[in-house]
Protein chains: 2
Amino acid sequence: MPKRENNSGTAIQTIRRACSILKCFTEENPELGVTTISQKTGIHKSSTSRILSSLQNEGFVEQNAQSSKYRLGLGLVSLAGLVLERLELRDVAQPIIQKLARITQETINISVLKEDESVNIENINSPQPIQHIGLLGRRTPLHCTSTGKIFLAYMTKDERQGLLDETLKSYTQYTVTDRKALEEDLEKIRRQGYAVAHQEFKEGLSAVAAPLFDHNGMVIATISISGPTYRMKKDKIETYLPYLLETSEEISSKLGYSKL
Amino acid sequence: MPKRENNSGTAIQTIRRACSILKCFTEENPELGVTTISQKTGIHKSSTSRILSSLQNEGFVEQNAQSSKYRLGLGLVSLAGLVLERLELRDVAQPIIQKLARITQETINISVLKEDESVNIENINSPQPIQHIGLLGRRTPLHCTSTGKIFLAYMTKDERQGLLDETLKSYTQYTVTDRKALEEDLEKIRRQGYAVAHQEFKEGLSAVAAPLFDHNGMVIATISISGPTYRMKKDKIETYLPYLLETSEEISSKLGYSKL
DNA sequence: CCACATCGTTGCGTCAGGCGCAACACTGTT
DNA sequence: AACAGTGTTGCGCCTGACGCAACGATGTGG
């Protein structure tokens, strides 16, 4: 048997396998067949079938009755709900950002830093039906998102070095891949207290983000407004900014932060 | 080795074990130690430790650096996000219910039926900080919640028989445990097109719910307003009702439902 | 301040349980 | 009707997950 199928170190294989199967499902491929999964993961078809069947018993995946393809199950939502509940931040922030959502009519996200990515833990989607940008739980890179740059800007240079890859991956023609240019951008973000990103991660997508501080003055999360680039021009962003900063300050102060 | 640790049939033990470990975590006990989990599940301490370690590699659990206790991880949120995204209903409903949340200032939930429980797939919490009633992913019983009674009311009697236990479990002194009384309640709910529950599931908790129909005229979900009983008196509910029904009709029509 | 209790982790040898193989039932296509 | 595709399932082999016990770390009470 091949020693390492996808990832790290010492762990129970069955669990590693089960997880790698779960991770096959994406936004683009929400339903997958046994054979496809088997190919993607390199796990034998029979094992794949058995693992899926086990996961189904637990409600982690469901099987489409007609196509007999599998998809992720509601059991995951229950567990994830507990994770989200643990984050007091979310309780505090939710009512407050509703006002911001109403004013801007754009998508609002709250994200936390998890390893070398930021993870959305709360989102209110824009009522304007363009594209769903604010998927709950979505992970995005740090160096090319407004949210991520906030995290980078408010950590020490050493921490930053540890998290960023050698070469900054380019996602669009606007992605900043030069280390020095990024550092300058971060310096500017620290000065002004917010971060902007235009199409640095995805074409046609723009966002503004501000930091959320806890009682220790640490940045524990970010709040961001995002929307299609054509709606998020400079003047529009300048209109939103005071509301964004007001909101972030209100949440931070409820988390026990004082500016002193 | 004992044949059945907790649940059904033929499945890979490691996965069943891993899942039963994950399911140890609750709202009341969000952080657990290896020994505690081992006792709860009946799995040997060493195996428990190894399984947790594997799950940690996958981001499904995290370990508190100080106490070295475990808690559920953000990796689950990413997967659950994909589940929620799959439900087009959620995209459609989210912008619409924001208006309802603003008007009522109470907690709004959207739930779907999953086996013999209803599962919250979307919630907007009340800005009034009393208690968090609308946990995402929370599962609630059918016969004593406004949401659940909607599902029961709009299914056939046979389906209902299949889902309800022999004896209706009593959660509070107000829980309807008499089969006949429940049927009468459901009949009333069908007539008026909404369901009310006062403290039937939890003391001090009240809610009103209405059905959401898809293009086939099937009830696929419910929308509910919930809050503390002292705020949800009869007159208050009557004030909310037209807004609730208007909202549910708006969502249903966007799902392709027409009243004809 | 040390003995003790309790925590979570880890080598080790064993054997149960997960594995790959191949045959299977089933569906939809040529 | 033959076929290529799906997902599922006995079967027997052998690997890999298991329980045991020892370990280091932590903290607690005498």
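Order of the sequence lines sets the chain letters (A, B, ...), proteins ahead of strands, with each chain counted from 1. Worth knowing before you read on, the calculation uses all heavy atoms, side chains too, and leaves out hydrogens, waters and symmetry mates.
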Participant: Report the nucleotide, chosen from C:dG18, C:dG8, D:dT8, that has the shortest atom-to-atom distance to any side-chain atom of B:Val34.
Facilitator: C:dG8

Participant: What is the distance from CZ of A:Arg16 to C1' of D:dA17, rounded to the nearest Å?
Facilitator: 13 Å

Participant: Looking at every strand, decide which applies to B:Thr35 at a 4.0 Å heavy-atom threshold: base, sugar-phosphate, or nothing.
Facilitator: sugar-phosphate

Participant: Would you indicate which nucleotide in D:dC18, D:dT8, C:dT9 comes nearest to any side-chain atom of A:Ser49?
Facilitator: D:dT8

Participant: In this structure, how many angstroms lie between the C1' atom of C:dT9 and the CD1 atom of B:Ile43, rounded?
Facilitator: 17 Å

Participant: Looking only at the side chain of A:Ser46 (C-beta and beyond, no hydrogens), which of the listed nucleotides C:dG18, C:dG20, D:dG7 gets closest?
Facilitator: C:dG20

Participant: Rounded to whole angstroms, how far apart are CD1 on A:Ile12 and P on C:dG17?
Facilitator: 14 Å

Participant: Go through the steps to decide whether B:Ser111 and B:Asn120 satisfy the test side-chain hydrogen bond (donor to acceptor under 3.5 Å, both in side chains), and finish with yes or no.
Facilitator: CA-CA 4 Å; B:Ser111 308; B:Asn120 283 358; 2.8 Å; yes

Participant: When you measure from the side chain of A:Ser47, which nucleotide among D:dG7, C:dG20, D:dA17 comes out closest?
Facilitator: C:dG20

Participant: With 3.5 Å as the limit, what N/O pairs link the protein to nucleotides 22-26 of chain D?
Facilitator:
none

Participant: B:Ile51 has an atom CD1; how far is it from atom P of C:dG8, in whole Å?
Facilitator: 15 Å

Participant: Output the pairing pattern of DNA chain D as a dot-bracket string, 5' first, Watson-Crick or G-U wobble with both distances under 3.5 Å, | for cross-strand pairs, [ ] for crossing pairs.
Facilitator: ||||.|||||||||||||||||||||||||

Participant: Rounding to an integer number of Å, can you tell me how far B:His44 NE2 sits from D:dA21 C1'?
Facilitator: 9 Å

Participant: Closest approach to the side chain of A:Arg50, judged atom by atom: which nucleotide of D:dC18, C:dG20, C:dG17 is it?
Facilitator: C:dG20

Participant: Which pairs count as salt bridge (Lys or Arg N to Asp or Glu O under 4.0 Å) when at least one residue sits in residues 153-172 of chain B, sequence neighbours excluded?
Facilitator: B:Arg160-B:Glu183

Participant: Rounded to whole Å, how long is the line connecting atom CG of B:Leu52 with atom C1' of C:dG8?
Facilitator: 10 Å

Participant: For A:Gln94, what residues pass the side chain to side chain contact (heavy atoms under 4.5 Å, CB included) criterion, not counting sequence neighbours?
Facilitator: A:Gln98, A:Glu122, B:Ile124, B:Asn125

Participant: Touch check for A:Thr14, heavy atoms < 4.0 angstrom, all strands: base, sugar-phosphate only, or nothing?
Facilitator: sugar-phosphate

Participant: Given D:dC18, C:dT9, D:dT8, which nucleotide is nearest the side-chain atoms of A:Gln63?
Facilitator: D:dT8

Participant: Measure the distance from CD1 on B:Ile15 to P on D:dC18 and round it to the nearest whole Å.
Facilitator: 12 Å

Participant: Ignoring backbone atoms, establish whether A:Tyr70 has a side-chain N or O less than 4.0 Å from OP1 or OP2 of D:dT6.
Facilitator: no

Participant: Does A:Gln13 have a side-chain nitrogen or oxygen under 4.0 Å from the phosphate oxygens OP1 or OP2 of D:dT15?
Facilitator: no

Participant: Taking side chain to side chain contact (heavy atoms under 4.5 Å, CB included) as the test, write out the residues that go with A:Cys24, two or more places apart.
Facilitator: A:Leu32, A:Ile37, A:Lys40, A:Thr41

Participant: Rounded to whole angstrom units, what separation is found between the CZ atom of B:Arg17 and the P atom of D:dG16?
Facilitator: 18 Å

Participant: If you look only at pairs with a residue in residues 60-77 of chain A, which of them pass as a salt bridge (Lys or Arg N to Asp or Glu O under 4.0 Å), with sequence neighbours excluded?
Facilitator: A:Glu31-A:Arg71, A:Glu62-A:Arg71, A:Glu62-B:Arg86, A:Glu62-B:Lys114

